[in-house]
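First the structure, in the form of structure tokens, and then the observations on it.
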Amino acid sequence: MRAVGVFPGKQSIEVIDIPDEKIENDRDVRIHVLDVGICGTDREIARFQYGSPPAGSDYLVLGHEGLAEVVEVGAAVSEFQPGDLVVPLVRYPCPHAWCGPCRMNRADFCLSGDFTERGIKMRHGFMRPHLIERPEFLAKVPKDLRDFAVLTEPLTIAEKAFGETGRILERLPWFPETERPQPLKVRGDSRALVIGAGPMGLLGAMRLRVAGYRTFVYSLEPPESLNAKLAAEAGCEYMSAKVFELNQIQKRIEHIDLVYEATGASRIAFAVLKYLGDNGIMIFTGVPALGQPIPLDADAIMRNLVLRNQLVFGTVNAGHDDYERAIHSLGEFHRRWPRILRSMIAGRYGLELVPDLLRQRPPGIKHVVQPGH
Ligand code: BGC
Ligand code: ZN
């Protein structure tokens with residue numbers, strides 16, 4: 001079968017022919033890949049700056065944002081049946097008995113660093129028509145989400161982040177034990193700032209709207225861009241970096257209770273940190289390329305962290321529960337804003353176009369590959 005292979009050794013990206021995978025074990029599930037999203041991580045891997053092939057292979061099959069259909073199940077699989085739609089997980093646990101998180105199926109908190117990741121780290125990904133997966137690494141998707149469920153994986157990052165946020169906010173003494181929408185809010189009129197209006201930023205912003213946050217989105221795209229329009233359609237207040245200086249952000253928002261950083265731009269992220277409000281939380285999700293050190297208003301930031309009970313945390317990957325929550329949230333987004341998810345998907349392409357798509361980024365928000373087409 002055909003697959004997109006990244007060869008770090010000879011620095012090339014090629015559509016190659018690889019052996020098909022057949023059911024060999026009674027807990028195997030054979031899936032047919034329908035959609036694979038392309039993201040910044042794929043582009044970094046395609047520049048040979050990140051990622052690695054499986055042991056013994058000179059190439060890595062790319063693709064970690066997947067949506068697939070179950071085509072065949074082993075004799076001992078009762079969770080899935082042919083025809084089911086599924087999103088496969090990215091990260092596999094490390095092998096070490098001492099790694100508590102991996103042994104509890106939370107490889108997203110792996111302590112050894114010896115986890116593997118589909119399409120990223122030492123495990124082939126989804127840019128091929130078929131593969132074998134185990135039920136524990138699949139999350140079921142309702143059929144009516146077929147057209148957008150490829151957005152599940154980027155949304156799992158937000159679900160994990162906001163799950164953590166909710167638990168952190170339980171430190172505040174005034175929440176009633178009953179109703180606890182996640183994420184919790186610092187105050188009744190909580191305001192969140194999302195940095196970046198790409199797929200990650202928009203999905204995070206929609207999730208915050210569902211939780212009842214007044215949500216601001218700050219990003220490079222001009223006010224007339226599709227990204228800005230979709231943010232506004234979800235009820236967010238869009239602030240273009242072309243119009244607003246960073247120091248105007250706080251005046252406009254007044255109290256920034258939560259920041260969801262989704263660009264990996266360290267200069268902007270640390271400048272925004274200075275404006276975080278009382279008891280505020282800032283979440284880092286973007287992975288910057290390692291560059292030169294930048295100047296930082298460290299005294300102001302440190303004073304605020306202490307005097308305002310602030311908390312900054314980073315988060316990577318997600319657990320199975322986060323996939324289920326993300327699928328649930330996608331359904332909610334679809335009910336509330338029927339046009340947004342559809343507009344986020346710029347186009348669907350065959351495998352042979354992937355090397356070009358990775359080199360030059362066409363306009364639009366999320367580009368999707370259809371390996372099984
Ligand atoms: C993926 C994560 C992964 C991370 C680090 C991201 O693009 O969404 O699942 O853990 O890259 O490799
Ligand atoms: Zn990704």
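In each ligand, atom 1 is the first atom listed, and ligand 1 is the first ligand listed. The chain is numbered in sequence order, starting from 1. Because the structure is predicted, anything quoted here is derived from the model rather than measured. Because only heavy atoms are used, hydrogens play no part in the values below, and waters and symmetry mates are left out as well, while side chains stay in.
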- Which segment of Arg91 sits under 4.0 Å of ligand 1 when only heavy atoms are counted: side chain
- Message: Give the atom numbers and elements of ligand 1 that come within less than 4.0 Å of a heavy atom of Glu117.
- Response: 3 (C), 5 (C), 10 (O), 12 (O)
- So is Arg123 actually on top of Tyr92's ring, under 6.0 Å and inside 45° of the axis? yes
- Note on the structure: Here the atoms of ligand 1 under 4.0 Å from any heavy atom belonging to Tyr50 are 5 (C), 12 (O)
- Below 4.0 angstrom from a heavy atom of Glu153, which ligand 1 atoms are there? Numbered from 1 as shown, please. 1 (C), 2 (C), 8 (O), 9 (O)
- With Lys160 as the cation and Phe109 as the aromatic partner, state whether NZ or CZ is under 6.0 Å from the six-membered ring centre and within 45° of the axis. yes
- Query: Under 3.5 Å, side chain of Arg336 to main-chain N/O of Ala234, donor-acceptor pair present?
  - Reply: no
- Pairing of Lys140 and Asp84 as salt bridge, 4.0 angstrom limit: yes
